[in-house]
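Here the structure is laid out as structure tokens; the discussion comes afterwards.
The analysis underlying the following values was restricted to heavy atoms, covering all of them including side chains, and did not include hydrogens, waters or symmetry mates.
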Amino acid sequence: YKRQVYIGGEAFGLRAKAKNFSIEDMKEGVKFAHERNVKVYVTANILAHNYDLEGARAYFEELKEVGPDALIISDPGMFTIAKEVLPDIDIHISTQANNTNYMTYNFWWNQGAKRVVSARELSLEEIKEIRAHIPEEMEIETFMHGAMCISYSGRCLLSSFLAGRDANRGACTHPCRWKYAVVEENRPGQFMPVYENERGTYIFNSKDLCMIEHIPEMVSSGIDSFKIEGRMKTALYVATVARTYRLAIDDFIEDPEKYKARIPFYKSEISKCTYRQYTTGFFFGKPDENTQIYDSNTYIREYTYLGIVGDANEQGLYHIEQRNKFSVGETIEVMKPDGQNIEVTVKRIVDENGKIVYDDGYDSMLPSYSSARIWLEDVLDKEDPNWVKFESVPYMAIYSFVLSPFTDEIRLVRNESHGPMFKDVVPEDEFTHITQSMQSGEEVRYALILANVYKKGLQKVEFTIKKQ
């Protein structure tokens, strides 16, 4: 199973609200993918109207310079234009064409299509039967993970009817995920909830497809290409799900027992991106009431997508294209393409000019005395001699005992979110003494004993203040 990606352009795809690829973006993306032995397919799978046709012809002319490996099309008119303009590029038939039987597959093969994406409404037994009745060279592609449309292979009119936005032209507003109520004709404004067996009101809300536990059945069904549905999803979703299925398939081909043993790992990886509850869809028979979600229309989100890691500079610092906030002292997880996950603690954040970045923004100056913190997220290893374990702690938060070099008193301070405030550990009069009385190069050492309720132990942390 080779690696492939499918992308949408700025026109004629079914993701009108997404930030899609311009022609220049496509050129860059195709070059990047081909250098890594990955194929790229461009979607042009709208159901076209008369006024789309000339624009589609011009668009396909532009795609000559892009050089995709295939187009994904559902409309016979768009198919005809693509064959005329791009005779040397393969055409795949989209699931939007409702491909549910082997006669349909053979029809498209005779028209010149190389691959057909099966309708989501097919069982694995039906797919096996299709495989037995089509040319050996013809390819079957099937969705194995992602959102399920409430309508027949995406042929939905709910969005057009309720919001005036055509799902078959890429503008779906997902009304199947809305919450519905009943209004009686003579009682306008009185909304009565809709119940299904007392479980809730989301009457069109399907669970997401997930076949990570059924790789053997998928492989043995004669499917040539497994597809991940990534509708309006983040890069984290695409990377996590695609990488996990890639690992699962490779593990199964290498050793079925290895795959079986690692199923809990695959499931835990997939849960790191947003998801709904899961179903196997139509693969093992017609879905029943258990494939619907009745009490919520929201995604489950257990992890936060922080950004994309780029190259390291000469100092060993990695460039991160940030998507959500994270702070110094936090532990984050880095996903590597080879399937490894690495936990790292953020020690320092700087901008491209080397200026330190703090929680309240970009600044080359140190934070004010009153707002400075001492970061204490790096807990000691339990084998460290400064670690003393105990079974119960009387505190409801994390506290620090402060040992000052200027006094014999031991102060108890309560830590804030990532550690105590600097002013609680080093009083202003002591800090003034350090800055005004000490000579350049002199230093003083403070010690903190942490009572940590989460780690159930005591930790000794020392830090030094040195006058420059």
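- Between Tyr259 and Pro216 the shortest heavy-atom distance is CE2-CD, 3.5 Å.
- Checked for salt-bridge contact, Asp224 and Arg131 meet the test: a charged N lies under 4.0 Å from a carboxylate O.
- In the displayed structure, Glu217 atom CD is contacted under 6.0 Å by more than 12 heavy atoms of other residues, nucleotides or ligands.
- Residues Met26 and Val40 are not in side-chain contact: their nearest non-hydrogen atoms beyond the backbone lie 4.5 Å or more apart.
- Side-chain contact between Gln96 and Val117 is absent, with no heavy-atom pair separated by less than 4.5 Å.
- Between the side chain of Arg120 and the backbone N or O of Leu209, no donor-acceptor pair lies under 3.5 Å.
- Here the straight-line distance linking atom OH of Tyr41 with atom OG of Ser225 works out to 6.0 Å at 0.5 Å rounding.
- The main-chain N or O of Thr345 is never found under 3.5 Å from a side-chain atom of Thr331 such that the two would form a donor-acceptor pair.
- Considering all non-hydrogen atoms of both residues, Ala113 and Ile93 come closest at CB-CG1, 3.7 Å.
- Taking the side chain as every heavy atom from C-beta outward, Ile215 and Phe226 never approach each other to under 4.5 Å.
- Side-chain contact check for Glu213 and Tyr278: no donor-acceptor pair (N or O, by modelled atom type) lies under 3.5 Å.
- The line from CG of Asn37 to CD of Gln4 is 11.0 Å long, rounded to the nearest 0.5 Å.
- For the pair Phe265/Asp251, no side-chain contact is recorded, criterion being any heavy-atom separation below 4.5 Å from C-beta on.
- In terms of heavy-atom proximity, Tyr59 sits nearest to Gly9 at OH-CA, 3.4 Å.
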Q.
Please determine whether salt bridge (Lys or Arg N to Asp or Glu O under 4.0 Å) holds for the pair Lys260 and Glu257, giving the CA-CA distance in whole Å, both sets of side-chain angles, and the decisive distance to 0.1 Å.
A. CA-CA 5 Å; Lys260 187 176 179 180; Glu257 290 303 315; 5.1 Å; no
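- For Asp69 and Lys39, the salt-bridge test fails: no basic side-chain N is under 4.0 Å from an acidic carboxylate O.
- Taking CG of Asp90 as the start and CD of Glu139 as the end, the distance is 8.0 Å to the nearest 0.5 Å.
- In this structure the side chain of Val42 reaches within 4.5 angstrom of the side chain of Ile7, judged on heavy atoms.
- Using a 4.5 Å heavy-atom threshold, the side chains of Phe252 and Met218 count as separate.
- Environment of CZ in Phe32: sparse, with no more than 12 heavy atoms of neighbouring residues, nucleotides or ligands closer than 6.0 Å.
- A heavy-atom distance below 4.5 Å is not found between the side chains of Ile89 and Phe60.
- Between the OH atom in Tyr266 and the SG atom in Cys210 there is a gap of 13.0 Å [rounded to 0.5 Å].
- Contact annotation: the side chain of Asp311 never approaches that of His319 to less than 4.5 Å [non-hydrogen atoms, C-beta and beyond].
- For the residue pair His145 and Tyr245, a side-chain donor N or O sits within less than 3.5 Å of a side-chain acceptor on the partner.
- Under a 4.0 Å N-O distance rule, the pair Lys27/Glu24 qualifies as a salt bridge.
- Closest non-hydrogen pair, Ile127 versus Ser118, comes out as CD1-OG, 4.3 Å.
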(Q) One pair to check against side chain to side chain contact (heavy atoms under 4.5 Å, CB included): Thr142 and Thr95. What are the steps and the verdict? (A) CA-CA 9 Å; Thr142 301; Thr95 189; over 6 Å; no
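- The distance from atom CG of Leu71 to atom CE of Met78, rounded to the nearest 0.5 Å, is 9.0 Å.
- Counting non-hydrogen atoms of other residues, nucleotides and ligands closer than 6.0 Å to CG of Asn341 gives a total above 12.
- Note that NE2 of His92 is 13.0 Å distant from CG of Asn45, once rounded to the nearest 0.5 Å.
- The nearest pair of heavy atoms linking Ile212 to Ala248 is CD1-CB, 3.7 Å.
- Salt-bridge check for Glu35 with Lys31: passed, with a basic side-chain N closer than 4.0 Å to an acidic carboxylate O.
- Checked against the 6.0 Å centroid criterion, the rings of Phe283 and His214 do not qualify as a close aromatic pair.
- Heavy-atom minimum distance, Ser74 versus Ile46: OG-O, 3.6 Å.
- Judged by distance alone, with hydrogens and angles left aside, the side-chain atoms of Arg243 form a donor-acceptor pair with the main-chain N or O of Lys336 at under 3.5 Å.
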